[in-house]
Amino acid sequence: MAIVDMSKFHLMSFGYDRDLLLRDLQRFDYVHFDDLQVEDDEAYAALNEVEVPESITEINEELAKANWAIDILSPYKVKLGMITEMKLGQKSLTLDQLNNRAQEFDFDHSFEELKELSDQKTALLQEKTNLESQLDELSPWTKLSLPVNDLYGFNSVKAMTGSIADKYVANLEKDLIDLKETYLEKVDSVDGNSYVLLITTNEEYDELAEILRKNAFTQIRINAKNSVKDEISDNAMRQEKIDSELKVLEDKIESRAYLLENFEIYHDYLDNKKTQIAASENFLSTSKVDIIEGYVPTKKEEEFKNLLTKVLGEDYYLEINPADRDDANVPIILENNAFAEAYENTTAMYSLPKYNEIDPTPLLAPFYAFFSGMMVGDLGYGLLLFIITFIGLKVFNLKKSQRNFFKFLMYMGFFAIVWGLIYGSFFGGVIEMPKLINQETDSMTLIIISLIFGAVHIFFALGIQAYMDFRDGKPLDALFDVGFWYMILIGLVLMIAAGPLGLPAIVGEISKWAAIIGAIGIVVTGGREAPSMGGKIAGGIYSLYGVTSYIGDFVSYLRLMALGLSGGFIAVAVNLIVKMLFGAGIAGIAGGIVLFVAMQAFNMFLSYLSAYVHTARLTYVEMFNKFYEGGGKPFRKMIKESKFFNIINENE
């Protein structure tokens with residue numbers, strides 16, 4: 001239950017072994033390379049950075065093709081339903097199995113066939129779009145009976161077609177009265193525009209053009225050879241033929257849907273090949289030798305050495321030692337038991353720990369489960385989530401990340417059951433149950449319990465900081481940064497509570513002096529890192545001012561009570577409404593059942609969402625800021641995670 005111990009290695013091997021070495025290191029998977037840069041270290045000044053081969057460009061092009069093929073074929077994948085899909089899960093393949101299947105697949109031929117069909121389909125769709133656009137242009141001219149070729153082919157007269165706003169038509173007709181040899185015909189009116197035909201002589205053409213300009217006339221040349229009706233008819237016939245051809249092409253593309261898995265395999269093969277080749281970017285080299293640095297988990301150190309010997313024989317130099325505890329570049333892998341593992345994502349969302357910190361996951365996990373359950377606090381809600389997730393874990397074939405999320409929800413449901421039994425709440429009181437704490441009447445008890453839980457949470461977090469100080473050989477820091485805070489916080493709490501709790505007067509007196517000593521200690525030591533005496537005093541006073549933030553921290557834990565109450569009262573309100581509906585006959589009973597299911601489901605969703613968010617807030621703000629900094633780098637494995645398959649490591 002901790003951060004996995006790492007060993008740092010320095011490796012020198014011949015450049016001609018690079019490809020073979022990277023291939024087997026990718027199978028090994030558990031190696032994280034440092035990105036060596038010439039300018040970072042004078043010792044490397046005479047070395048060169050390894051240039052990534054041009055084959056990376058070719059791989060990127062092939063990846064683009066594979067992605068395109070997957071996008072084309074994915075819509076034709078047989079949909080099995082969400083439940084069936086989760087039961088089947090993703091197919092598991094080792095890296096070797098993935099590579100072998102990819103190399104057996106005739107990618108180029110399959111891609112070209114699919115590309116040709118897709119290009120034909122695209123061309124037909126474009127033609128259909130053009131025909132639809134042409135149809136829109138022709139539709140206002142349907143009543144025009146003349147063949148269009150004849151219309152624009154007169155010698156002694158000129159014909160013009162176009163549109164004019166309906167509101168200008170009367171004015172246009174008035175302006176044309178003086179043109180004795182000009183003919184105007186209104187063919188149709190669509191969407192406030194009149195489509196008109198004008199015929200005039202060569203002598204009157206210029207005058208007509210000026211009149212049309214003043215009346216905002218837009219000239220339109222009809223794109224047709226025969227009559228508009230014939231053109232529209234031909235257009236419709238061609239669209240029908242295109243639809244038929246598209247159906248044939250669609251069937252041909254769909255018939256290749258069985259290739260989808262092969263394209264996905266080839267995609268992941270390329271992605272891992274790219275990762276393998278690109279890893280050499282992290283190396284430095286001479287004309288013949290590669291210089292490689294990185295990290296492997298200490299427990300896999302011997303396996304790593306054996307791999308190097310197998311691949312390189314004796315033609316290499318290796319130096320490997322435990323990683324420096326304070327090295328900020330050490331990559332992080334978390335390793336926890338089955339319970340805490342479900343909360344690793346909670347830690348990762350905030351930030352992975354640095355190598356010299358402790359993994360906060362097993363420390364936050366019990367608090368997170370307990371607090372989130374208290375915020376939900378309903379037996380029915382807890383049972384429902386627990387049963388669903390428990391069955392899901394047994395029935396569904398889930399990836400590790402999905403299993404952890406299901407376990408996370410299952411634990412939340414379990415502790416909602418526990419607190420539901422304490423509150424005696426089953427879907428807001430549908431069934432009468434004994435109550436250890438009555439949410440309606442014991443509000444002060446809940447406030448006290450919430451504050452006690454908050455104190456335990458905060459003091460526990462401070463205790464972790466003290467442990468880290470002792471671990472690092474700094475016991476005085478534990479006294480200065482934790483011990484004095486314990487004294488002032490516990491002293492203040494007991495001073496305030498001594499009277500109401502009826503404690504002996506001596507308790508109050510001791511508490512007062514403990515708080516005073518703690519405050520003095522904080523002022524004296526809080527600014528000890530400042531270079532000047534004035535800075536030390538100012539830093540100490542500012543540190544003591546931090547006691548006010550603890551008041552806010554304690555108040556934050558009242559959300560443990562508040563969220564539980566809000567969800568419980570909403571559930572009770574829903575039940576009251578449903579009870580009223582049940583008294584209104586069959587229709588009321590039916591409506592009540594629907595309302596009960598819908599509103600309780602919605603309230604359950606809000607309760608769990610609120611519990612998730614607010615427990616995370618208590619963890620990140622109230623707990624982590626007492627001992628945890630984070631900022632660790634995740635360990636980069638060499639096998640890329642796939643969205644199509646579960647690529648398993650043979651070494652695990």
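The figures here come from the full heavy-atom set of this structure, side chains too, leaving out hydrogens, waters and symmetry mates. Since the structure is predicted, the reported quantities are computational estimates derived from the model, not experimental observations.
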Output yes when [X] and [Y] qualify as a salt bridge under the 4.0 Å nitrogen-oxygen rule, no when they do not.
| X | Y | value |
| --- | --- | --- |
| Asp34 | Lys8 | yes |
| Glu641 | Lys399 | yes |
| Glu344 | Lys400 | no |
| Glu357 | Lys354 | no |

Residue pair [X] / [Y]: nearest heavy atoms and the distance that separates them:
| X | Y | value |
| --- | --- | --- |
| Met410 | Leu393 | SD-CD1, 3.8 Å |
| Ala340 | Ala365 | CA-CB, 4.2 Å |
| Arg617 | Ser556 | NH1-OG, 3.1 Å |
| Pro360 | Thr347 | CG-CG2, 3.8 Å |

Taking the six-membered ring of Phe645, is NZ or CZ of Lys91 closer than 6.0 Å to its centre and within 45° of its axis?
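No, Lys91 does not sit over the ring of Phe645.
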Would you find more than 12 non-hydrogen atoms of other residues, nucleotides or ligands less than 6.0 Å from Phe605 atom CZ?
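No, not enclosed.
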Should the heavy atoms of other residues, nucleotides or ligands under 6.0 Å from NZ of Lys273 be counted, would the total exceed 12?
no
Please tell me if the side chains of [X] and [Y] come closer than 4.5 Å, counting only heavy atoms from C-beta onward.
| X | Y | answer |
| --- | --- | --- |
| His32 | Ile332 | no |
| Ser607 | Tyr381 | yes |
| Ser425 | Val572 | no |
| Ser450 | Met374 | yes |
| Asp5 | Tyr355 | yes |

Kindly list each side-chain donor-acceptor pair under 3.5 angstrom involving residues 560-570, sequence neighbours excluded, with atom names and distances?
from	atom 1	to	atom 2	distance (Å)
Ser566	OG	Ala562	O	3.3
Ser566	OG	Leu563	O	2.9

Is a side-chain N or O of Asp378 found less than 3.5 angstrom from the main chain of Gly380, in a donor-acceptor match?
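Looks like yes, one N/O pair under 3.5 Å.
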